[in-house]
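To keep things clear, I will list the structure first and then write my remarks on it.
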Amino acid sequence: MKAVAVFPGTREVTIIEREAPRISQPDQVELRMLDIGICGTDKEICSFDYGTPPAGDDFLVIGHEALAEIVKVGSAVTRLRPGDLVVPSVRRPCPHPGCLACRTGHQDYCYTGDFTERGIKEAHGYMAEYIVDYERNMTLVPPGLREIAVLAEPLTIAEKALTQIFWTMQQRPPWLDPDTPSQQRGEGLSALVLGIGPVGLLGAMTLASAGFTTYVYSRELPPSPRIDLVDAIGATYVSSQATTFADLAEKMDNIDLIYEAVGHSHFALQALQVLGTNGIYVLTGVPGPQAFIEADPARLMRDLVLKNQVLLGTVNAGPDAFAAALRDLHLFRQRWPAVVRTLIAGRYPPEQAPELVLGRPAGIKSVITFEQGGQAR
Ligand code: BGC
Ligand code: ZN
């Protein structure tokens with residue numbers, strides 16, 4: 001079968017031929033891969049800044065955002081049947097008996113760092129015709145979401161973050177009554193999203209649909225389909241090339257929430273200076289090595305303390321976030337059908353993966369498909 005792999009030794013990204021995997025445990029399922037999204041992490045892996053092949057291999061099959069169809073199930077599989085659509089999760093637990101997080105199924109909170117991530121860290125990914133994995137790592141997808149379910153994984157980042165944000169807000173009365181319906185939880189609060197890539201845009205959609213007055217701040221200048229998307233969901237786009245952080249803060253009044261989705265440390269630090277009183281700052285980007293800069297930590301510390309601010313990092317996600325992502329994709333499509341149609345820029349055959357991963361992203365999300373006729377859909 002075909003797969004797309006990166007060879008760090010020879011610095012190559014190419015199509016390889018591999019033997020198709022087979023079910024070897026009763027609780028495993030075999031998947032035929034339908035769609036695999038390309039993201040910034042793949043770009044970093046293919047620029048050899050990030051990612052590690054499995055022990056003993058000189059290559060890593062990439063791909064961690066996927067939608068697949070079950071083709072075979074092991075004898076102990078109870079929830080899934082051939083023909084079902086599923087989204088597989090990314091992270092697998094570390095082996096250490098003492099890791100409370102991994103031993104309780106919360107490997108996104110792994111203490112030891114010895115977890116693996118499919119398509120990223122020491123485990124082959126999903127950009128292949130077939131894969132085998134355990135039933136417990138699958139979230140069932142309603143057939144009606146076939147066209148967009150590949151976006152579930154990148155959306156889980158926002159879903160996990162939002163759970164944490166609302167939890168924090170509930171601990172701070174009178175901010176949030178736990179009985180508030182999810183679409184009203186952000187009412188009266190302002191949110192600033194940093195970055196206009198897929199993670200930023202999906203984050204903005206999540207925040208806007210939770211009722212936050214949402215702003216998106218990035219370098220991009222109009223005209224741009226991404227800026228059109230921000231407008232279409234009722235959020236406000238502001239370009240950093242035209243407006244400084246200080247001006248933005250004045251415009252937004254108290255900034256209650258910042259959702260960082262750029263992975264640029266200098267930009268992220270500048271934003272921290274405009275976080276409002278009782279504000280929560282969520283970091284989702286993973287920066288590579290970047291130049292050192294001068295900072296004023298005393299001022300940041302003073303603000304964090306005197307304004308009760310929360311600084312929160314978040315990575316990966318668990319089953320609840322996957323389920324929430326699928327619910328929200330359905331909701332987004334009901335609320336903004338035209339926007340949702342533009343999220344997937346195109347579907348391309350695996351042969352085009354290397355150029356797509358290494359090139360500049362054209363639309364919002366490029367998807368590799370192993371089904372015939374790539375672009376057709
Ligand atoms: C993936 C996460 C992963 C993170 C760090 C992201 O692109 O969506 O699942 O944990 O990269 O490797
Ligand atoms: Zn990703």
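All ligand and atom numbering here is 1-based and tracks the order in the structure.
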Starting from [atom], locate the nearest protein heavy atom and write down its residue, its atom name and how far away it is, to 0.1 Å.
atom                    : value
atom 6 (C) of ligand 1  : Thr41 OG1, 3.5 Å
atom 10 (O) of ligand 1 : Glu117 OE2, 2.6 Å
atom 5 (C) of ligand 1  : Tyr50 OH, 3.3 Å

Can you see which heavy atom on Gln352 is nearest to which on Glu355, and at what distance?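 Reported closest heavy-atom pair: O-CG, 3.1 Å.
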
Taking 4.0 angstrom as the limit and counting only heavy atoms of [X], give me the atoms of ligand 1 inside it, by number and element.
X      : answer
Asn316 : 2 (C), 3 (C), 9 (O), 10 (O)
Val315 : 10 (O)
His64  : 1 (C), 7 (O), 8 (O)

Quick one about Ser218 and Glu220 (side-chain donor to acceptor, distance below 3.5 Å, no hydrogens or angles considered), yes or no?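 No donor-acceptor contact under 3.5 Å links the two side chains.
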
All N/O donor-acceptor pairs, side-chain side in residues 44-63, below 3.5 Å, sequence neighbours left out:
from	atom 1	to	atom 2	distance (Å)
Ser47	OG	Lys43	O	2.7
Asp57	OD2	His124	NE2	2.8

With a 4.0 Å cut-off, would you call Asp133 and Arg92 a salt bridge?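 Yes.
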
Run the numbers on Glu122 and Arg91 for salt bridge (charged side-chain N to carboxylate O under 4.0 Å, His left out), then give the verdict. CA-CA 10 Å; Glu122 293 156 33; Arg91 195 178 279 195; over 6 Å; no

In the hydrophobic clustering that connects Ile, Leu, Val, Met, Phe, Trp and Tyr at side-chain heavy-atom distances below 4.5 Å, which members other than Val71 occupy its cluster, ordered by chain and number?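 Noted: Val71 shares its cluster with Met1, Tyr130.
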
Side chain, backbone, both or neither: which part of Glu153 comes within less than 4.0 Å of ligand 1 when only heavy atoms are counted?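 Contact part for Glu153 vs ligand 1: side chain (C-beta onward).
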
May I ask you to identify, for Glu65, whether its side chain, its backbone, both or neither come under 4.0 Å of ligand 1 on a heavy-atom basis?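 Glu65 to ligand 1: no contact under 4.0 Å from either part.
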
Just wondering, is there an N, O or S atom on Glu65 that's nearer than 2.8 Å to the Zn ion (ligand 2)?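 Coordinating: yes.
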
Taking the non-hydrogen atoms of Val286, is any one of them nearer than 4.0 angstrom to ligand 1?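 Contact check Val286 vs ligand 1: negative.
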
Would you call the rings of Phe245 and Phe267 parallel, tilted or perpendicular, where under 30° means parallel and over 60° means perpendicular?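 Tilted: the ring planes of Phe245 and Phe267 meet at 30° to 60°.
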
